[in-house]
2 protein chains.
Amino acid sequence: MDKELLHTKLVREVIAMIASGKYSDGTRLPAERKLCEQFQLSRGTVRQAFYDLEKLGIVKIRAGSGAYVQKISQKKLPTHLLPPDFSKVTLTDIIYARKAIETAAITLACEKISISQLEQLEQLIEKMEQSKDNLLEFLKLDTQFHQFIIHASGNMPLVTAFEAIAEYHKYSQVFSSLYEEEVKIAIKYHKKMLLALKLRNARNAAKAIMKHLEHTEQITNMAKQKDIAV
Amino acid sequence: MDKELLHTKLVREVIAMIASGKYSDGTRLPAERKLCEQFQLSRGTVRQAFYDLEKLGIVKIRAGSGAYVQKISQKKLPTHLLPPDFSKVTLTDIIYARKAIETAAITLACEKISISQLEQLEQLIEKMEQSKDNLLEFLKLDTQFHQFIIHASGNMPLVTAFEAIAEYHKYSQVFSSLYEEEVKIAIKYHKKMLLALKLRNARNAAKAIMKHLEHTEQITNMAKQKDIAV
DNA sequence: AATATTGGTATATACAATATACCAGTTTAC
DNA sequence: GTAAACTGGTATATTGTATATACCAATATT
């Protein structure tokens, strides 16, 4: 049975943070001592994780200054830091699984979602519109929106299943470029979902999330074709 | 960040083995030294796990003889040994999630499954028929059948999602009695799935797995009503 | 009755992780 | 520009998990 080392777990966490777009190329990571508080770890453990990250070429450490995020390529990451069989997984696979889980979830959510939850979704969409030009921020909000719907389903197994595949989704984001203009279209789909949820129309809600995911697949694949650094 | 202790992991593994029906009430668990080989752990670690299991009332240890499985009740198990929010999860929730994931998987499997894989499924069904009176064995084969189909889909995210919720399913089995006569009906559904897979008829395959899961939900809920020990 | 197997106990060792303290270089604030 | 605050770099003592090994006593097996 494998022993899970804490510093290795932290390496995964940091890669996931970078993957989720929270820290992009060139950004400085939080100071070692900050991460100690954040993850409740000793500094030695955090330093070990940073050492590994530098060896992997994911960050460049400058004494007295901080750890700066470098460009990641999938080749750099050893398999034990990636989700299982990650190399065999295509974006199409991920979207297919998300469709299955998220349509099931939004159908349930149509019955169960509360008024205050609907308001929160409304606010998320507002934030999205304000972040039209900040793509990283937009992607974060998009992820939040989807997570929110899954939770609104009130079905824990679906939540667990979604989180399990979210790992793939997060990681796949690091290795592909981002799109630009399609943000507006994505917002349109989110509005459709919200409307269907308000009207408790499960059929339309499922249809909207389905089309949204298909759209996401298309534009991400297009972005990959003109991709430079991988 | 939580450190995952090896002996705690082993406790989870053993509970899962009991939950899956591999070791039932009164059975003797494998000897400490056997488990050391099986899980590649030192004896001290295995002993620590056994000590925890005895404290939890899950096994009774007899010196010089072995560790014997006791009746488990959900109350005995601390939350960190259960899947997340397990107490809030109903069988209906689990079946709902399984429907979403497994219909998606069997649809893909209809395209991708190979001849030799179909033969393996055929053999599984044969074994099921031979295990009509051995319910524990039958349940094990049923689980294998479903896992096999998920893997035949060739979609890793679906596999990951299924494994994530399988945890709930396994655990829920410990806390409910088993059914008796419905085995034949279950076999009938599995034959329908196999036939649909052979004919590459995705629609019928999905329909068969759907009905099978609905049937499973019904009989398990019935069994729960006349349940004695929980 | 003899032998093999089982859990029970003890001990030495390796190493991950914590907790502290101090240094030297960089950044920030005044 | 200088002082203060913050950053990574280094060293050390300590705790606790897990390994490896050996031997004992009770139980099962032959």
First and last nucleotide of DNA chain C, 5' to 3', lying under 4.0 Å from heavy atoms of chain B: C/dT6 to C/dA17
From OH (A/Tyr171) to CZ (A/Arg12), nearest 0.5 Å: 4.5 Å
Would you say that [X] contacts [Y] through its side chain, given a criterion of any heavy-atom pair below 4.5 Å between the two side chains?
X	Y	value
B/Ile113	B/Leu121	yes
B/His80	B/Thr8	yes
A/Leu56	A/Leu81	yes

Just how far, in rounded Å, is [atom2] of [N] from [atom1] of [X]?
X	N	atom1	atom2	answer
A/Tyr68	D/dT7	OH	P	10 Å
A/Leu6	D/dG16	CG	P	16 Å
B/Tyr51	D/dA18	OH	P	16 Å
B/Glu4	D/dT17	CD	P	14 Å
A/Glu32	D/dC6	CD	C1'	12 Å

Side chain of B/Arg33 only, please: which of D/dC23, D/dA18, D/dG9 is the nearest? D/dC23
Indicate, with a heavy-atom threshold strictly under 4.0 Å, whether B/Arg47 touches base, sugar-phosphate, or nothing. base
Closest nucleotide of DNA chain C for A/Leu5 versus for A/Arg62: which of these residues is on the 5' side? A/Leu5
Between B/Ser65 and A/Ser42, whichever has its closest DNA chain C nucleotide further toward 5' is B/Ser65
Can you work out whether A/Arg43 or A/Lys3 has the more 5'-proximal nearest nucleotide on DNA chain D? A/Arg43
On DNA chain D, compare the nucleotides closest to B/Ala63 and A/Met1; which residue's is nearer the 5' end? A/Met1
Residues, nucleotides or ligands: over 12 heavy atoms within 6.0 Å of B/Lys112 NZ: yes
How are the rings of B/His190 and B/His146 set to each other: parallel, tilted or perpendicular (split at 30° and 60°)? perpendicular
Lys/Arg cation over aromatic B/Phe162: B/Arg98, 6.0 Å, 45° cone: no
A/Glu4/A/Lys9 ion pair, N-O < 4.0 Å: no
So for the helix from C/dA1-D/dT30 to C/dC30-D/dG1, with five pairs setting each end axis, what is the inter-axis angle to 10°? 40°
Distance only, no hydrogens: is a donor on one side chain within 3.5 Å (strictly under) of an acceptor on the other, for A/Tyr168 and B/Thr160? yes
